[in-house]
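In what follows, a single structure is set out as structure tokens and then discussed.
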Amino acid sequence: MKGYAMLKIGEAGWIEKERPACGPLDAIIKPLALSPCTSDVHTVWEGAIGDRHNMILGHEGCGVVDEVGSLVKDFKKGDRIMVAAITPDWGSIEAQAGFGQHSGGMLAGWKFSNFKDGVFGEYFHVNEADANLAHLPDSISPEEACMLSDMVPTGFHGVELADVQFGDTVLVIGIGPVGLMAVAGTALRGASRIICVGTRKKCREVATSYGATDFIGYKDGPIDEQVMKLTDGQGVDKVVIAGGTVETFEPAVKCLKSGGRIGSVNYLGSGTYVTIPRIEWGCGMANKNICGGLMPGGRRRLEKLGSLVSSGKLDVKKLITHRFKGFEHVEEALLLMKDKPADLIKPVVVL
Ligand code: NDP
Ligand code: ZN
């Protein structure tokens, strides 16, 4: 079969591979729609997870079941399915502790285009089908299902990590697709004010439609100073970080109220240490909690987040700015993600 792969750090291209084999608990999926991610760009062009050779890329997609293992109960050939970017081993000790995303080791629940071939193939493999697939209802289109693989669950995980509550004033740093879903999740959780950091016009428009109330630019001076000015020196209750660098924690801590929480889902691709300002962190005693996490995967979460889309409470179509038809356009879509033109949020390839 054909697949679009990382050939080595800095290089991607089409390769031929064997169709993946199906274990007794697994499924083989033929994609219906695929979407590249900023993480694919970090993986190939920044070598963020180290070198990989001829590894098929991609972790955002949905499809039709082509084959199931002998022990799979709830799915059969021909079923339309969604799948999350993170596909844990549910019997692992880490999953028993509530962190399936780290099953088998730190971040090891992230298997697609990390420890095995990803979804940008004519077929892809899903482990533990009953636990990691969800049926794709007619009320969710394949392109919407792609947003449920990673953008929705990751952005919403930032909101969960920050523990946003009714009436909170929340700072969302980064309003790419992940940050936009953090804005939508923050609004659903009942925040009163949502201050966003990001400069692209298109992203600001979509953020406003999801409930953003104020915008600041990280190029217009320190983020914390701008936030303190907007909040009359009060600061914010919660921060969600979905963009920036190892230095972004510094302004976040500075403008966070004592007892506040930072939820970070940003992928820190470079730097050795994260900067936390000692004084504004209360010399370690301000109860300003910093939580960073990989989104949890799994069928139950997919079904729940999917129900927000099918019930009309969450419109993910606004994230999709570029559409392609045909598997061969996966390359173009990924290169678009790398170049990030100003009007891009997410490209989707429908097969
Ligand atoms: P984008 O690159 O589309 O968006 C990044 C956002 O951050 C933009 O709004 C950008 O603003 C802003 N930004 C860039 N530099 C800075 C800075 N120095 N300070 C403050 N803001 C800045 O990324 P995505 O939305 O696609 O993804 C966001 C992050 O989430 C990525 O690092 C991605 O790898 C990660 N991720 C994490 C996952 C997880 O499970 N934890 C899963 C998926 C993705 P502007 O456009 O104006 O420059
Ligand atoms: Zn992704």
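Remember, predicted model here, so these are calculated numbers, not experimental data. One-based numbering, in listed order, for ligands and for the atoms of each.
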Below 4.0 Å from any atom of ligand 1, is there a heavy atom belonging to Lys340?
-> yes

Do any nitrogen or oxygen atoms of Ile223 come within less than 3.5 Å of a nitrogen or oxygen of ligand 1?
-> no

Ala85 near ligand 1 by a heavy-atom separation under 4.0 Å | no

Heavy-atom nearest option to atom 29 (C) of ligand 1, drawn from Leu180, Val178, Asn266, Leu268 = Asn266

Nearest heavy-atom neighbours spanning Ser192 and Thr169 | OG-OG1, 4.1 Å

Answer yes if the side chains of Thr321 and Lys202 hold a donor-acceptor pair under 3.5 Å, and no otherwise.
-> no

Write out the residue and atom name of the closest protein heavy atom to atom 11 (O) of ligand 1, then the distance separating them to 0.1 Å.
-> Tyr218 CE2, 3.4 Å

Could you tell me whether Ile173 approaches ligand 1 through its side chain, its backbone, both or neither, with non-hydrogen atoms closer than 4.0 Å?
-> side chain

For the Zn ion (ligand 2), which protein N/O/S atoms are closer than 2.8 Å?
-> Cys37 SG, His59 NE2, Glu60 OE2, Asp150 OD2

Nearest protein heavy atom with distance in Å, relative to atom 24 (P) of ligand 1 | Thr38 OG1, 3.5 Å

Matching residue for His102 among Leu107, Ile86, Ile93 - test: side-chain contact (heavy atoms from CB on, under 4.5 Å) | Leu107

Test item, Pro177 contacting ligand 1 (heavy atom, 4.0 angstrom) = yes

Hey, is ligand 1 close enough to Tyr267 that some N/O pair sits below 3.5 Å?
-> yes

Spell out, yes or no, whether Ile49 and Leu57 are grouped together once hydrophobic residues are joined by side-chain heavy atoms under 4.5 Å, including indirect joins.
-> no

Check the angle between the aromatic planes of Trp110 and His59 and answer parallel, tilted or perpendicular using the 30° and 60° thresholds.
-> perpendicular

Hey, any chance Leu319 and Leu136 share a hydrophobic cluster, counting ILVMFWY side chains that come within less than 4.5 Å of each other, even indirectly?
-> yes

Residue and atom name of the nearest protein heavy atom (relative to atom 47 (O) of ligand 1), distance in Å to one decimal = Thr199 OG1, 2.3 Å

Which residue holds the protein heavy atom closest to atom 38 (C) of ligand 1, what is that atom called, and what is the gap in Å?
-> Thr154 CG2, 3.4 Å

With no hydrogens and no angle check, is any side-chain donor or acceptor of Lys346 less than 3.5 Å from a backbone partner on Met147?
-> no

For a side-chain hydrogen bond (donor to acceptor under 3.5 Å, both in side chains) with Trp90, tell me which candidate from Asp130, Asn127, Asn132 qualifies.
-> Asn132

Is a donor on one side and an acceptor on the other found under 3.5 Å between the side chain of Thr154 and the backbone of Met295?
-> no

Proximity of Phe249 and Trp281 rings by center, below 6.0 Å | no

Smallest separation among heavy atoms of Met55 and Lys116, with atom names = CG-O, 4.0 Å

Should you measure from each heavy atom of Ile175, which atoms of ligand 1 turn up under 4.0 Å away?
-> 6 (C), 8 (C), 9 (O)

Name the option, out of Arg200, Met295, Lys219, that contains the heavy atom nearest to atom 40 (O) of ligand 1.
-> Met295

Give the cluster check for Ile173 versus Val159: same hydrophobic cluster or not, with ILVMFWY residues linked at side-chain heavy-atom distances below 4.5 Å.
-> no

